[in-house]
2 protein chains.
Amino acid sequence: MNEIGLRRRATVHDVARAAGVSLATVDRVLNGRPGVRAATVEKVEAAIAEIGFQRDLGASLLARSRDLRLTFVIPDGSNEFMASLADAVTRRAGPALSDRVHIETLRIRALDADALAQSLDNLDPRHCDCAIIVASEEPSVQAAVDAASKRGVVVMTLVSDLPGTQRRHFIGIDNVAAGRTAASLMGRFLPQGGKVAVIAGSLHLRDHSDRLAGFKAGLAAEFPSLELIGPVEGHDERSETQAIIGGLLAQHPDLAGLYNLGAGNGGLVSALESSSRSGAIRVIAHELTEPTRRGLKSGAIDIVLDQNPDGEIREAIAAARMLALGGNSATTTDPIEIGIFLRDNLR
Amino acid sequence: MNEIGLRRRATVHDVARAAGVSLATVDRVLNGRPGVRAATVEKVEAAIAEIGFQRDLGASLLARSRDLRLTFVIPDGSNEFMASLADAVTRRAGPALSDRVHIETLRIRALDADALAQSLDNLDPRHCDCAIIVASEEPSVQAAVDAASKRGVVVMTLVSDLPGTQRRHFIGIDNVAAGRTAASLMGRFLPQGGKVAVIAGSLHLRDHSDRLAGFKAGLAAEFPSLELIGPVEGHDERSETQAIIGGLLAQHPDLAGLYNLGAGNGGLVSALESSSRSGAIRVIAHELTEPTRRGLKSGAIDIVLDQNPDGEIREAIAAARMLALGGNSATTTDPIEIGIFLRDNLR
DNA sequence: TAAGTCATGAGGCACGTACCTCATGGACGG
DNA sequence: CCGTCCATGAGGTACGTGCCTCATGACTTA
């Protein structure tokens, strides 16, 4: 019943025929089982390359008769972005299930390195193929990532990276570039120069320290007339951030700009709006969430730099599927882009 | 061999048991085949909802023993964005194949409605499940879309929509919002007012006419001190656009802003750079391509509004898969976002 | 009442891969 | 020359779904 001229896609049978070996041998090679001479392995691999065989992912998962099991580990607490990240996971879980991808979510206390390390330690490769974590850069976490990898649980980082470990992939924006972009916008907003304060969540978070580095570099290179104040750490908490902003406003009556490279934006907006200086200070924040939307609309915030949580979750799942088939995820996943939002292009 | 407490996912067998019918009946319901009483259909659907059955997409495509066949119809010519769209299709074709999605690309002459209509007419539902087209809003195209739908080829629109036809889905940005965003940025760039020229490709393209509408509305609502010149149609061609810009520059020595809502950006940049007024005029263009990157870097262009071609192709494929399973694509696809690029956040 | 129509059941084969068992034949050491 | 190990072949079953045929029993219509 095949249409003429419409070639069937290659199967393991075709590989076996092309390599001049049996199905069993092809299977052993494909799934990395022992008992095949090196020369034979090469023959099979050559045949695969020659006829362009691609393993059928659906049939493969079907035959294994089990889903790909992913565990997302996401910080809990008042951080709205993390909440929207978790929501995105929930939204994707349903559709993913019909692709045989089973997703679980773990929420752990924000900025609690030991809690993160421990939940990684608890992951059993028999129940979890891949863990996707929002990492913080602390020794206990790094050790736990390497240990999990050694046990056979693939680890990927999300939003905040953990270079120098066994993590197989990072999904998130280029945070140095994000910081540079913030500097570039801030510099254009303040051609006359002035004081710019920087608030971070925690410099143990790689995304925050990268943004800071990019922002500093951007200011130094292009806008030396801006004077940087801080960074101050608000631990991504609403009330703590609000207190810090209040203090900065009181301490610097001539404050011209504010860059919050962490979370806690509810506190940022509240502090600005209750200060009578909202709109007079150029404000750049991160992540499009309820408080930053409110800030954009009221004029308290000028620009929001955003990473699309839905896109990140989608790419994480896609990367995990690729890894599960022994492929290289890096070659096929799309980079996550830095979104720039002002009042007029709110989505 | 199932882990204790790890429930197996529901299958058609479970549905049959739960509904008290046979496998054959479940199958008839699932695949919309006739010969089932309405009451029985309801019983089955209730059972599906109750036990949370989700069809196994992989097994389904496997059993059908054929790939999902998609045909992308993309304009040819000097339009760099369309080229990058076609590239994105090519990039996705490989990975998609391992999900049993077979992709073909047709390039047709840009702005040639009859060529587009004819390639739609040529699509045979036995060789193509779904066509994804960059539409232009002309009667012959509209008729061809409806005819193809009637023949059994699902049609989706990409980049430029075709409302009022049988097209099942549109994938692209909200172009009215894009125009409004351009207006908002332009207005902020030119607080002292002035002349702003608008260049389009063709107002038969829905995306262009939508952008124009959004831009006009945005200026009228917020920046009445800006005087709009045009639109002039450059037909998305490099040389024609270059000539038009040259003419505008000569005719309006006091030109303050330029919004090219179409393609032909190579001509835009060339005209500006050879005019000695590059950098003195605020310029907003669309689509991140080689010429617009060059323009951003040289300062000839201030802002580029972008739709991510890779993201669009990804969503198109995802939507087609959903439609193929009888689902409603609109509920599961992510909206495409308007990217805003300046020199500093080039990707 | 006989013939026909219709909803449903029962069961089987196919899809491409994973994974299992068993057979076979060659190489090698003693 | 015999026993052992090892690479490989042969062939089966299973996974969940699609699609086919055939049988059966209920109901309609002439």
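Each chain gets a letter, A, B and so on, in the order its sequence line appears, and its residues count up from 1. On a predicted model such as this, the values are computed, not experimentally measured, just so you know.
The nucleotide whose nearest atom lies closest to any side-chain atom of A/Ala63 is, among D/dT17, D/dG9, C/dA18, C/dA18. Side-chain atoms of B/Arg37 lie closest to C/dT8 of the nucleotides C/dT8, D/dA7, C/dG16. Of all nucleotides listed (C/dG9, C/dA18, D/dG16), D/dG16 comes nearest to the side chain of A/Leu62. Taking every side-chain heavy atom of A/Leu30 into account, C/dA18 is the closest of C/dA18, C/dA10, D/dT17.
Nearest heavy atoms, A/Ala320 versus A/Leu70: CB-CD2, 3.7 Å. Nearest heavy atoms, A/Gly20 versus A/Lys43: O-NZ, 4.4 Å.
Remark: A/Ser22 is in phosphate contact with D/dG9, judged by side-chain N or O atoms under 4.0 Å from OP1 or OP2. Between B/Arg64 and C/dC15 there is no side-chain polar atom (N or O) within less than 4.0 angstrom of OP1 or OP2. For A/Ser65 and D/dA14, the shortest distance from a side-chain N or O to OP1 or OP2 is not below 4.0 Å.
Within 4.0 Å of B/Asp56, counting heavy atoms only, lie sugar-phosphate atoms of the nucleic acid but no base atom.
Between A/Asp124 and A/Arg151 there is no salt bridge, since no side-chain nitrogen of the basic residue lies less than 4.0 Å from a carboxylate oxygen of the acidic one.
Rounded to an integer number of Å, the gap from CZ of B/Arg55 to C1' of D/dC15 is 17 Å.
Annotation: side chain of B/His13 is not in contact with side chain of B/Val26 (no heavy-atom distance under 4.5 Å).
In the helix from C/dT1-D/dA30 to C/dG30-D/dC1, the end axes, each obtained as the rotation axis mapping the C1' atoms of four pairs onto the next four within a five-pair block, lie 30° apart to the nearest 10 degrees.
At a cut-off of 3.5 angstrom, counting only N and O atoms as typed in the model, there is no donor on one side facing an acceptor on the other between the side-chain of B/Arg28 and the base of D/dG18.
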